[in-house]
Amino acid sequence: MKKIILPIFAILVSILSCNSNEKQQKESQKKYEEVTLSIEDLEKKSPINFLKVSGADKKNLMGQTVVKGKISNKAKMVTFKDIDIQLSFYSKTGVLLMEDQEMIYEDVAPGSNINFKSKYFAPKGTDSVAMKVLSAKY
């Protein structure tokens with residue numbers, strides 16, 4: 001009798017352990033999907049936290065201020081587009097002379113960069129230009 005019960009018990013244990021492994025795999029897959037969705041939602045809610053703008057300015061022969069910039073997307077899942085950038089023109093002493101907005105109509109994929117260039121007739125006495133991302137769509 002013991003010889004029959006032992007193999008049956010071993011078979012039952014292996015069947016139950018297979019079912020629990022499948023359940024664990026399904027649960028971990030579900031948790032992964034939930035975390036992934038929450039990361040995506042977080043990125044969509046606050047594009048300003050994931051988009052960074054940097055660049056430089058110079059004067060051209062026409063007297064225009066040429067602003068060359070780079071937008072970097074640090075998000076892991078969301079591609080942003082229609083990025084609204086604020087440009088602030090400052091004097092040598094740090095006085096704000098003018099602010100303007102520029103809309104960049106390009107897609108920035110996760111982990112990638114795009115370059116842009118704009119020309120402005122900046123106010124007299126402009127020494128530097130600061131840039132920051134105001135908003136973006138996904």
Side-chain angles (χ1 to χ4, degrees):
M1 183 78 168
K2 287 183 179 180
K3 290 182 180 180
I4 295 174
I5 293 177
L6 190 59
I8 292 174
F9 181 72
I11 292 172
L12 281 173
V13 168
S14 65
I15 290 172
L16 292 175
S17 66
C18 289
N19 287 338
S20 67
N21 282 341
E22 289 176 18
K23 286 180 184 179
Q24 287 176 348
Q25 286 176 347
K26 287 180 183 179
E27 288 176 8
S28 65
Q29 179 66 25
K30 185 177 177 182
K31 286 180 184 178
Y32 173 77
E33 290 171 2
E34 288 173 359
V35 169
T36 303
L37 289 175
S38 65
I39 290 171
E40 184 176 3
D41 291 340
L42 177 68
E43 291 175 352
K44 286 180 179 179
K45 286 180 184 176
S46 56
I48 296 170
N49 294 337
F50 298 98
L51 292 172
K52 304 295 179 211
V53 63
S54 60
D57 62 284
K58 67 177 186 173
K59 297 270 188 193
N60 65 9
L61 295 175
M62 304 281 294
Q64 294 174 314
T65 299
V66 179
V67 177
K68 290 184 179 181
K70 178 171 89 171
I71 300 172
S72 304
N73 183 358
K74 303 296 181 192
K76 301 291 182 201
M77 303 185 74
V78 177
T79 298
F80 293 106
K81 63 181 180 178
D82 302 342
I83 302 160
D84 191 11
I85 297 173
Q86 180 180 13
L87 298 156
S88 302
F89 298 86
Y90 290 96
S91 70
K92 285 183 182 180
T93 59
V95 174
L96 177 63
L97 301 173
M98 182 178 92
E99 287 184 333
D100 199 2
Q101 286 181 272
E102 178 82 18
M103 186 69 78
I104 308 299
Y105 295 104
E106 290 189 46
D107 292 339
V108 186
S112 68
N113 306 311
I114 60 165
N115 295 314
F116 68 93
K117 180 169 123 178
S118 297
K119 297 178 184 177
Y120 293 92
F121 284 107
K124 187 175 182 178
T126 298
D127 182 60
S128 62
V129 180
M131 296 174 269
K132 79 175 188 181
V133 176
L134 295 177
S135 66
K137 295 180 182 175
Y138 51 90

To the nearest 0.5 Å, what is the distance between CG on Asp100 and CG on Leu87? 6.5 Å
Do you know the tightest heavy-atom contact between Ala122 and Thr126? CB-OG1, 3.6 Å
If you compare all heavy atoms of Tyr120 against all heavy atoms of Gln101, which two are closest, and at what distance to 0.1 Å? OH-O, 4.3 Å
Qualifying residues under ring pair (Phe, Tyr, Trp, His ring centres under 6.0 Å), relative to Phe50, sequence neighbours excluded: none
Please answer: with hydrophobic residues joined when any side-chain heavy atoms are less than 4.5 Å apart, are Phe89 and Val66 in the same cluster? no
So, taking the atom named CG in Asn49 and the one named NZ in Lys52, what distance separates them when rounded to the nearest 0.5 Å? 6.0 Å
Could you see if Val53 belongs to whatever hydrophobic cluster contains Tyr90? Use Ile, Leu, Val, Met, Phe, Trp, Tyr and a side-chain cutoff under 4.5 Å. no
For the OH atom on Tyr138, are there more than 12 heavy atoms of other groups (residues, nucleotides or ligands in this structure) within a distance under 6.0 Å? no
For the NZ atom of Lys137 and the CZ atom of Phe80, what is their distance to the nearest 0.5 Å? 13.5 Å
Which heavy-atom pair separates Leu97 from Pro123 by the least distance, and what is that distance? CB-CG, 3.9 Å
Say you draw a straight line from CG of Asp57 to CE of Met131; how long is it, rounded to the nearest 0.5 Å? 7.5 Å
Which value, rounded to the nearest 0.5 Å, describes the distance between Phe116 atom CZ and Ile104 atom CD1? 5.0 Å
Please determine whether side chain to side chain donor-acceptor pair (under 3.5 Å) holds for the pair Asn113 and Ser72, giving the CA-CA distance in whole Å, both sets of side-chain angles, and the decisive distance to 0.1 Å. CA-CA 4 Å; Asn113 306 311; Ser72 304; 2.8 Å; yes
Are the side chains of Leu134 and Lys132 in contact, using a 4.5 Å heavy-atom criterion? yes
Okay, side chain of Glu43, backbone of Val78: is any donor-acceptor separation there less than 3.5 Å? yes
Mind checking who shares a hydrophobic cluster with Met103, ILVMFWY linked at side-chain heavy-atom distances under 4.5 Å? Tyr105
Should the heavy atoms of other residues, nucleotides or ligands under 6.0 Å from NZ of Lys59 be counted, would the total exceed 12? yes
Under 4.5 Å between any side-chain heavy atoms of Pro110 and Thr79, yes or no? yes
How long is the span from the OG1 atom in Thr65 to the CG atom in Asp127, to the nearest 0.5 Å? 10.5 Å
